[in-house]
Visitor: 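Here's a structure for you.
It should be emphasised that the depicted structure is a prediction, and the values quoted were computed from it without experimental measurement. One-based numbering, in listed order, for ligands and for the atoms of each.
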Amino acid sequence: MVLVAPSLLAADLGNIQQQIKLVEKAGADWLHFDIMDGHFVPNLSFGPDFVRQLRPLSKLFFDVHIMVENPLQFLPMFYDSGADMITFHYEAAPDINKVIKELKKHNIKVGISVKPRTSVEVLQPFLGDIDNILIMTVEPGFGGQSFMDNQLEKIASAKQMIANLPITLEVDGGINPQTAESCVQKGANVLVAGSAIFKSPNPDLIIKQMQNLRRK
Ligand code: DX5
Ligand code: ZN
């Protein structure tokens with residue numbers, strides 16, 4: 001089963017309620033929130049209030065991707081935001097176990113993300129404690145970038161590492177039905193897509209095409 005997580009970074013924020021309804025109607029599984037601090041990535045996006053204010057508007061799983069330096073200091077701002085899962089970056093957290101512990105304490109699922117230049121093997125020590133691995137298939141910071149197919153082998157290695165553990169394997173960046181196909185073949189089962197969905201004349205079709213992908 002492949003899950004699709006539309007990234008709101010690419011949505012028409014002036015009509016955010018209508019955009020959420022659109023992807024819900026199309027059968028989206030998660031909503032992906034890209035939080036950026038202008039330090040860890042050279043861009044600014046949304047804060048915890050964006051998540052908090054959208055919570056009452058949707059029952060979808062809120063998948064919050066925080067691209068921030070030292071995530072520990074920001075976590076408290078998200079505890080009551082309605083985030084179902086927070087995925088932070090391996091490269092940004094001096095004390096990974098502390099971030100994991102804090103999230104669990106507040107009943108928020110835990111994801112760790114690696115940038116393209118970081119090998120996924122660094123996550124081995126944490127596999128017993130996390131719910132999600134997020135493989136970036138672009139340099140984080142902006143939507144609308146091209147998919148980096150040199151990340152495909154990393155997806156396969158992550159799949160091997162996870163084996164039968166209850167951990168989702170999420171990919172993010174330049175994902176569309178074509179690039180998603182290769183990712184699913186390597187073992188990805190959650191697909192984040194921003195521009196492919198929100199810039200499409202037919203988001204419904206895009207979401208359905210990606211959900212119907214199967215590992216052969
Ligand atoms: C990039 C974000 C991605 C991005 C995806 O730093 O983490 O979630 O919004 O956008 P597309 O699908 O347009 O590459
Ligand atoms: Zn993201």
Visitor: Is the cationic atom of Lys115 (NZ for Lys, CZ for Arg) positioned less than 6.0 Å from the six-membered ring centroid of Phe40 and within 45 degrees of its normal?
Guide: yes

Visitor: For Gln160, does the CD atom have more than 12 heavy-atom neighbours from other residues, nucleotides or ligands under 6.0 Å away?
Guide: no

Visitor: Taking atom CD1 of Ile135 and atom CD of Gln151, what is their separation to the nearest 0.5 Å?
Guide: 7.5 Å

Visitor: If you count the non-hydrogen atoms of other residues, nucleotides and ligands that lie under 6.0 Å from NZ in Lys98, is the total more than 12?
Guide: no

Visitor: Is there a nitrogen or oxygen of Asp34 sitting under 3.5 Å from a nitrogen or oxygen of ligand 1?
Guide: yes

Visitor: Could you tell me the residue and atom name of the protein heavy atom closest to atom 12 (O) of ligand 1, and the distance to it rounded to 0.1 Å?
Guide: Gly194 N, 2.7 Å

Visitor: Is there a polar contact, in the sense of an N or O pair closer than 3.5 Å, between Gly141 and ligand 1?
Guide: yes

Visitor: Among all the protein's non-hydrogen atoms, which is closest to atom 8 (O) of ligand 1, and how far away is it?
Guide: Asp172 OD1, 2.6 Å

Visitor: How far is atom 1 (C) of ligand 1 from its nearest protein heavy atom, and which residue and atom is that?
Guide: Phe142 O, 3.6 Å

Visitor: Please write down residue, atom name and distance for the protein heavy atom closest to atom 13 (O) of ligand 1.
Guide: Ser195 OG, 2.2 Å

Visitor: Just distances here: any N/O of Glu139 and N/O of ligand 1 closer than 3.5 Å?
Guide: no

Visitor: Considering only protein heavy atoms, which is closest to atom 14 (O) of ligand 1, and at what distance to one decimal place?
Guide: Gly174 N, 2.8 Å

